[in-house]
Each structure stands twice: as C-alpha cells, then as structure tokens.
Amino acid sequence: MRIFAIALFASLLALAQNPGLAPVRGSEATITISGAVEKSVTISMTDLSNMPHRSVSIRDRTGMVTKFDGVPLQSLLELAGLHFGNGLKGDRLAAFLLVEAADDYRVVIALPELDSSMTDDVVLLASHRDGQPLSPSEGPFQIIVPQDKKRSRWVRQVKALRVLHADFALEE
Ligand SMILES: Nc1nc2c(c(=O)[nH]1)N[C@H]1C(S)=C(S)[C@@H](COP(=O)(O)O)O[C@H]1N2
Ligand SMILES: [Mo]
C-alpha cells in the first residue's frame, strides 16, 4: 500500500519525454532571450517544438491533475550561450533571470534554480496544457515552477527572458 502510494505520487510528479502535442495556431509567436548572454536569441513556437520537451503533472488542492509540456528554461538559456553545471560558478553566480510578461508582470529566478546539476526540480517554459496549446490568457508561453508552493512565478504570456547581473542592479 505504501509502495503503491509512493509510486502513484512519483508518477504524478514524473517528468517524462513528451508524446505528440496538438499544433499551436499562430505559431509565429516568439520570445526573446537577451541581456548578459553570449548572444541574444529569438525563439519561435516552431523552434520550441523542435527542442527536447519535458512534461510535469501538477495536482492542485482539489486533487485535479494538470499536465504541462514545455522546454526546461536551462535548455533555452543554453541556446543563448549561458553556462550551467561546472560553468555556473564564480562571478556568473551573481547573474539572475528576469522573466517579463505581456502585462509587464516580472519575476526573478536565480540561475541555480534552473541548473540540473544543482537540483532535480525543473522549471519549464510551457506551451501546452493537457496536450492542448495554452489559452490566449495563459500563453502562448507560460513559466511553470512545480516546486513553488504558490504560483506567483508561474508567469503567463511570457514575452522575454532577460539575464541580468547584480553589478548592473547595484549601479546607481
Ligand atoms: N503575466 C502574469 N502572470 C502571472 C500574474 C500576473 O499578474 N501576470 N500573476 C501571478 C500570480 S501572483 C499568481 S498567484 C498566478 C495566478 O494564476 P491563476 O490566475 O492561473 O490562478 O499567476 C501568476 N502569473
Ligand atoms: Mo498571486
């Protein structure tokens, strides 16, 4: 019984490779990655769909399970030349990610929170919910932070990811 419960819990939280997803209409949607990166990049929905996907199943307070599919933020930032793993050290640890939404909502995520060599938690840029494209009010892209107990960093309608360095923030 206990093992069953653990297995059920594990499967609910399982991060899995992703099967076929419904195509997203208006697939010209893009997000930009810029700031303290090697090269700024613009990622289209098509680019995103060609990257390795992960899925995460979230159970809400009522017991309802929702499955989000997307690409880990780590993979996206690596496209812009950001270093993780052994490369995330020294002065690079004073950099952070600012996520910006269409309604100007902004949140900060620290780079180690995204680093698979630091944590087994995965932060996703999701494009699909239960196999369907996100609704216009959520998407086309939404940040999913499964491990956060509150959803304040689940930024909807993400437009841009900006890497900033504390040195800029401290300048006056
Ligand atoms: N773009 C955007 N995303 C956002 C917010 C926002 O104001 N704008 N609010 C956040 C907060 S504070 C919460 S609690 C959740 C609420 O998500 P829900 O409306 O889907 O419950 O969205 C988060 N994502
Ligand atoms: Mo909130």
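A quick note: this is a predicted structure, and the numbers were derived from the prediction, not measured. Counting starts at 1 for both ligands and their atoms, following the listed order. Hydrogens, waters and symmetry mates play no part in the numbers below; they use all other heavy atoms, side chains included.
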- line: Quick note on ligand 1: atoms under 4.0 Å from a heavy atom of A101 include exactly 1 (N)
query: Which residue holds the protein heavy atom closest to atom 22 (O) of ligand 1, what is that atom called, and what is the gap in Å?
result: R156 NH1, 3.1 Å
- line: Min over R153, R151, K159 of heavy-atom distance to atom 15 (C) of ligand 1 lands on R151
- prompt: Is it the case that S137 and S135 place a side-chain donor and acceptor less than 3.5 Å from each other?
  reply: yes
V155 neighbourhood, listing ligand 1 atoms whose heavy-atom distance to it stays under 4.0 Å: 3 (N), 24 (N)
Whether over 12 other heavy atoms sit under 6.0 Å from K89 NZ: no
message: Between F68 and W154 (judged by ring centroids, cut-off 6.0 Å), do the two rings come close enough to count as a pair?
response: yes
- request: Consider every N or O of D103 and every N or O of ligand 1, then say whether any pair is closer than 3.5 Å.
  value: yes
query: Nearest to atom 24 (N) of ligand 1, what protein heavy atom do you find, and at what distance?
result: W154 O, 3.0 Å
- request: Specify the protein heavy atom at minimum distance from atom 9 (N) of ligand 1: its residue, its atom name, and the distance to 0.1 Å.
  value: Y105 CZ, 3.7 Å
message: Is there a side-chain contact between M45 and S127 in this structure, where contact means two heavy atoms from C-beta onward sitting under 4.5 Å apart?
response: yes
field: Test side-chain contact (heavy atoms from CB on, under 4.5 Å) applied to V56 and T66, I144, V145, the passing residue
entry: I144
Identity and distance of the protein heavy atom lying nearest atom 11 (C) of ligand 1: S152 CA, 3.6 Å
Any donor-acceptor N or O pair under 3.5 Å, side chains T119, E113: no
